[in-house]
Structure formats: structure tokens, C-alpha cells
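Computed over heavy atoms, backbone and side chain alike; hydrogens, waters and symmetry mates excluded.
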Amino acid sequence: MSNGETERQVAGIERAAVEALIRGEHGDPFSILGPHAFAHGLTIRAYLPGALGVELIHAVSGEVLGTLEQSSVPGLFSIRIEQQVPYRYRIQWGTGVQETEDPYAFGQLLGEMDLYLFAEGNHRELGKSLGAQFTTHEGVQGVRFSVWAPNARRVSVVGHFNGWDGRRHPMRLRQPSGVWELFIPRLAPGEVYKYEILGRDGLLPLKADPMALASELPPATGSVVSAPLQFDWHDAHWLEQRQAQQGYQAPMSIYELHAGSWRREGGENGRLLSWRELSEQLIPYVQQLGFTHIELMPIMEHPFGGSWGYQLLSQFAPTARYGSPADFAAFVDACHQAGIGVILDWVPAHFPTDAHGLGQFDGTALYEYAHPFEGFHQDWDTYIYNLGRTEVHGFMLASALHWLRTYHIDGLRVDAVASMLYRDYSRKEGEWIPNRFGGRENLESIDFLRHLNDVVAQEVPGALVIAEESTAWPGVSRPTQEGGLGFSYKWNMGWMHDSLKYAAEDPLHRRHHHHQLTFGLLYAFSEHFVLPISHDEVVHGKRSLLDKMPGDRWQKFANLRLYLSFMWSHPGKKLLFMGCEFGQWREWNHDHELDWYLLRYGEHKGVQQLVSDLNGLYRHEPALHQLDGSAEGFAWLIGDDASNSVFAWLRHDKDGAPLLVVHNFTPEPRNGYRIGVPKEGAWHVLLNSDAERYAGSNAGCQGGLFSESLASHGQPQSLSLDLPPLGTLVIKPQ
């Protein structure tokens, strides 16, 4: 036997340890590989399965210091030198020669403070710490990998660079954090990688990096090494005034879209547009329509396009479907320069069960609750994040901050908040586990949401966090200091449900459902609300917004124009899903672009023009937005005329200036309809949803009006109005 081999040792290592290394079961490779001092110098060992030979090269001079001797174990090489010198390997493979520094010659990588903050759940910059970080370490360029897998027996980085061989780059475990780390010299951005993890019960499926900054294009599932985002932003002016633009007194009109099906190159079944192409086509369109913001359905990497992004696995990586991380940053920057805010859908409630994902990440329930009554969503076939675990809490907190800070995102719309608040959400009796007080509230998720909102308010002033929350949970948008959850806004799901149900009724029967439009105004000022007509309302057999409307073709379009006018004149910020703005007939299909050809027809063009005019009116008239969250900005005039299905109210700005809004929800023109007004003199019709401009019948009041000294509806003056059929009038005193 040579090179220090005995019955008990190979290359100076206990045979049991060598056998564990060969089997890929050794949990501490640094104890064997790399440089190790002994009495008369240094032993350097490398395990390179498949290598034909290895030379030791002086890292500075390039001098060959010697040839590593291969032991009786193929791939295990070693050499003894008299003194420590900077070195690298020259490795002879069957396919060529590779020169590289020794990954096992580097000391510990992550700082103790990084590990402490991670374990505490309060590391705000995980996207710049864990995962794959392209960096220079001890003068050598390469990639620092780190991943949390506390219950793993061994973790390796694998990729094309090592033939996907988990024996080549096993990592070092940092106790007690459970984080594994390794610096691989000379790797560059663009490398595809995963983690090979040996769990308690054997080898797991290859896992993507939970903190990857980029991923392969699906259906491929590898993580991709990404250089730190170095983007030359041009949105300083936007960010300076963003807080005022997104405040409660500002107009907010949001265009929700799915980036993959808004428009496609080559028509309905064409290829997806890139972020650059979306910048060129989407931004002018949104400007033309007058929306203040866009909201993107989740653009974090997700394996299945049919989930629309809501079953995502990469909380730090923009999807590769539309381009690179830098391309996405350029898109956001272009939106900001055009005066358009960008909101992202963000999903901290659940994640999919794909084998390469977070589920059973180290062979145990790490990111999810262990018990299926807590950790599995029956409705969505997904795992539920265990936000009571500090590391998971911190992981999601850092994800939120990553999008807001790294990509200058203006707001996060938090998906499925109701499912996070209640332990019995969508569960039958006996299928859920009470909290420590015996209640149904999910205390860990509630703590997380409050912490999230406090941290965002403190660290990213002016950024929004919006809740999709469908229950009567109190104080969703109340500050945490007052016992609330601290969200900026809450989606008003009750208003959406009631108003759509009313709008779908035949006008003959609407008199019996009058309360469905008045009820929402009983609680309209209890939260800061967004009125959402989202993607969820135009899929799965619910029909498109236009097709929900009753009546013949003319009535459907008139009803749609009336409904949109009702929405825009109602207290609350606005959100409208793509396609609704021009009256798409078909339900939304994520695999096809919108039916843009419909804009060749006058009725569809008219709806689009109305939305543009509504947005212009909404932004221009302070009475329609300044006091959205305050009862002082709203006053009923007519809320009880069920027999005629007429509604009328006043909106006020902060100085008390009024705007009169009247809706006629029947196809009957109502001439000489008297409505009280607070001001004497001339009034002017700002908008008639039945105007010829919108392909309407051009009925009802147009132009100027004069009040009469006839008291009505508690007001000293009144107007005699001709109400258009299925129409809205917005009228302002001159």
C-alpha cells in the first residue's frame, strides 16, 4: 500500500470515513478534504471521481508543486507538502483540463451575525446572503452557496459543472443554524444548479434553491446563478412622490393583468412577449386608458403556468418566461418613468407540492406544518407555510422586502389572506387543530402579517401592502398599534360579490334586490378599500364581465357601461382585470391573448373610451377620490327608490365641493326625475354613460343644467333630470 495506506486508513483517513465519502454520506467533508496540517507539513486531499490526474499549482507563480497521488479509492487524491502555500488544482478530465482553486481550502463563509439573524427570523437581506451569491472571496471569483437544511445528513451542490455528481461538492454544516455552505471557485452567472440532499431516510429528489435569484425556463426546474442586480435606475422622481401618489387621498386605479396572456406575438397562440416588448406595448396602452397602476399576477418563478403564478416556488426569482431579472427591472423602471405604479401579487399562504420544491425539503416538514390538518390545503393541493417557525417567518419577510427594494415595486397584493387568518379555513369539524387558546385564529400567521406591515412601513415608506381578504375580520387596514393587521388597503370582496349579483339580475327584478347595492355603503368606510373586479370573476364558468350582464346585445353593453360607472363613482380605489375595459365576450384563458379584434366594433371601442374617460374624471375630480375612506366624502340623496331602481348620491372633496352621481338601473328613460342638490345655479354634465361617444343611445341629460328653488331630498335646490336608460350621470356645479 502506498501514500500512507493501511488496513484501517486510506490517504491518511479512516476507511469508514472514506467509505462514507464514497457513498455520499459523509456530513463533514471539510474534516477530510482540502489542506490539513500534520507534524512535518501539510496534507492536501481532493475527491474528484472520474478525474484522470491532478497537479498542484502555485496560485501566484503558476509553478507545478507536485502531482497528487491517487489512492486505492478511484478519485481520492492526496499530496504532502512541507509548508502552506496558496495553491490551485490542474485537473485532467477525459474531456479536457480544468484549473481551479480548492473549494475545501476556504474557511467559514457566512458571518455569525448573518446566521444569528436568520435563525431569529429577522434577516432582512436574505436575497443577498443565502442562496447562490456570485462574489469574490479571498481574492478568488466564484459562487458562495448556502442553504437551510437542518435535518439533512449531507447536502451537495450539483450542476453541469460537476456532472450532477453529489460526491463532488458536498457542503459544510454551520451549527446550530442548520445552514450548509460552500464556495465554488470560478463558477459564473448563468450556471444551472440544484441541491442534492441526503435526508434521514435516504436521498431526496434534487431540490431547487429556495433563495435562487433566477431559475430555468419551465418546464426545466433548475436554479440559475445570477449576478447581483446592477441596474441604472431612472425613477428617482417617481419614488420621491410615490407616498403622495399612493396615499388615501390620491386616485388609485389599477389595471390587473397576466403578463403571458395580455397580448402575444403572432396572435392568440403566439409566443409570450418579453418584458421589453411589454414595456413598448403595455405602457402606452395603460397611459391611454388613464390607469395609475398595473397589478401583475404573480411573476415569481412557478412550475405550472396553469396556476397563473399562484403556485410558486421561487420567492426571490422573477420567472424566466419573460426575460432576465435585469429585463424585469427595466420594465418597472419604464413604468415609473411613465408615471405608472407597479403592484405585484405575492403569495405567503401556500406553495405547491412539486418534488423539486420546498415540501419535505430536508426530508422533514421544514417550510410547512408537519400535520396535514395544519400544513396541507385541501382546496388547492398545496402545502401551508409554517410562519410560526422563525426561519420561515424571516424567509417570507425577506422575500417581500426583496421585491420592494431590489425591484422598486410599489406594492404587494397579498393573496389568500383569509386562508392565513383561520385554522379552520375551508375545513370541516374535526379536520383542524385549534390554537394554543383553543380558538380558530392562526396566531402565527397573524403575527407574521402584522410584523410584515410594520417592517414595510418602516423600511420602504410609501410602499403598499394590500390584503385579499374575504371575511369580516376587523381592522385589516387599521394600524397595528391600534390592534389592526396594518395593511394599506383591503379588497372589498363583499362589494364585489353583491354588486355583481345585482348587475346580473334582469332589470325587471332589480327592485327586489335593491339592498345589494346599498348594503356595501353601510361599511364602506370601516376599512380602506379597493373595489376589485379581478381575474377570479371572469374564469371557471363565471363568464366574462360583459356576458354576466342581462338582456340583449344593446342592454349588455349599456349594463356594462353603467356598472363600470357605478364602480368608478363609488367610494374606494379601483381595480379592473384586463379585457373588461373593452368588454371581452369570452372568459379569460391564460393560454391565449385577449380578443383585441373586438376593438374593430363600436360597442367595444365605446366601453374602452368610457373607461378612459372614467379614469380621467376620477383623477381630475378630487370629490371622487380625496375622501374615499371617510363618510364625510359621501352623502346619500336617493337610496330608497327601489321601484325605479334609481340611486343618487353626492361625493365631496376635502373642501366640501360636491359632485352629483345618478344611476338608472332600468332600461326605461326617466324624464323629469327630480333630485335635490346643495348649490344654486348652473350645473354641468361631466359624464353620461349612454352618450354616443360610448356607442350609447345618446339619451338623457347632456351639457348644462340650472337648479330650481324647489327643496328636495333634504337639499335647498333641485334639478329636473332626464335619466338615460341603463345609464349614469355625473354632474358638477359650475
Side-chain angles (χ1 to χ4, degrees), residues 218 253-273 277-278 281-282 285-286 289 291 293-300 302 304-312 319 321-322 342-347 379-380 413 415-416 466 468 470 491 493 496-497 499-501 503-504 530-550 553 556-557 559-561 563-564 567 574-601 603-605 607-608 610-612:
S253 177
I254 304 164
Y255 185 64
E256 186 197 20
L257 70 136
H258 178 256
S261 57
W262 178 72
R263 185 171 278 156
R264 293 197 170 196
E265 180 62 31
E268 180 171 296
N269 297 307
R271 69 163 176 83
L272 304 180
L273 297 184
E277 290 168 320
L278 280 165
Q281 298 180 39
L282 175 66
Y285 183 74
V286 173
L289 288 179
F291 286 96
H293 290 71
I294 61 169
E295 180 177 316
L296 295 167
M297 293 167 70
I299 54 83
M300 301 80 186
H302 49 283
F304 176 50
S307 79
W308 314 330
Y310 290 99
Q311 294 201 19
L312 59 95
T319 177
R321 289 170 173 86
Y322 315 116
V342 180
I343 298 168
L344 295 186
D345 275 10
W346 182 66
V347 188
D379 294 356
W380 304 322
R413 175 269 198 182
D415 181 64
I466 302 167
E468 184 214 13
S470 55
W491 273 22
M493 309 294 279
M496 175 274 297
H497 179 268
S499 64
L500 285 179
K501 194 168 186 303
V530 172
L531 308 182
I533 298 300
S534 73
H535 63 277
D536 277 328
E537 310 320 315
V538 294
V539 290
H540 299 324
K542 294 180 182 177
R543 298 184 294 172
S544 71
L545 191 59
L546 175 62
D547 202 28
K548 290 179 197 289
M549 302 297 156
R553 182 181 178 92
K556 281 182 178 291
F557 277 98
N559 270 304
L560 177 58
R561 295 192 303 269
Y563 183 79
L564 292 171
M567 174 178 173
K574 325 299 175 191
L575 179 140
L576 189 67
F577 185 59
M578 65 180 197
C580 297
E581 80 278 10
F582 61 79
Q584 173 146 323
W585 281 108
R586 292 194 298 179
E587 282 191 341
W588 169 58
N589 183 330
H590 68 274
D591 286 328
H592 301 151
E593 72 168 8
L594 298 179
D595 293 336
W596 294 105
Y597 72 89
L598 292 174
L599 287 170
R600 292 181 298 203
Y601 303 104
E603 302 104 320
H604 295 278
K605 191 73 178 171
V607 174
Q608 187 189 56
L610 175 71
V611 170
S612 178

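- Side-chain contact between Leu564 and Leu576: present, with at least one pair of heavy atoms (C-beta onward) separated by less than 4.5 Å.
- Taking the six-membered ring where the residue is Trp, the centroids of Tyr285 and Trp596 are separated by under 6.0 Å.
- How far CD of Glu593 is from CG of Leu273: 8.5 Å, rounded to the nearest 0.5 Å.
- How far NE2 of His535 is from CG of Asp345: 6.5 Å, rounded to the nearest 0.5 Å.
- For Lys556, the salt bridge (charged side-chain N to carboxylate O under 4.0 Å, His left out) partners two or more places apart in sequence, or in a different chain, are Asp547.
- Scored by the salt bridge (charged side-chain N to carboxylate O under 4.0 Å, His left out) test, Glu468 finds Arg413 as partners (sequence neighbours excluded).
- Side-chain contact between His258 and Trp588 is present, with heavy atoms from C-beta onward closer than 4.5 Å.
- Between the CG atom in Leu289 and the OG atom in Ser253 there is a gap of 9.0 Å [rounded to 0.5 Å].
- Taking the six-membered ring where the residue is Trp, the centroids of Trp262 and Phe577 are separated by 6.0 Å or more.
- Annotation: salt bridge (charged side-chain N to carboxylate O under 4.0 Å, His left out) contacts of Glu277 (sequence neighbours excluded): Arg271.
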*asked:* As a quick check of understanding, evaluate side chain to side chain contact (heavy atoms under 4.5 Å, CB included) for His592 and Asn269, giving each step before the final call.
replied: CA-CA 6 Å; His592 301 151; Asn269 297 307; 2.9 Å; yes

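- Residue Leu594 holds its CG atom at 10.5 Å from CZ of Arg264, rounded to the nearest 0.5 Å.
- Tyr310 OH to His302 NE2: the interatomic distance, rounded to the nearest 0.5 Å, is 10.5 Å.
- One finds the CG atom of Leu575 at 11.5 Å from the CD1 atom of Ile294 (value rounded to the nearest 0.5 Å).
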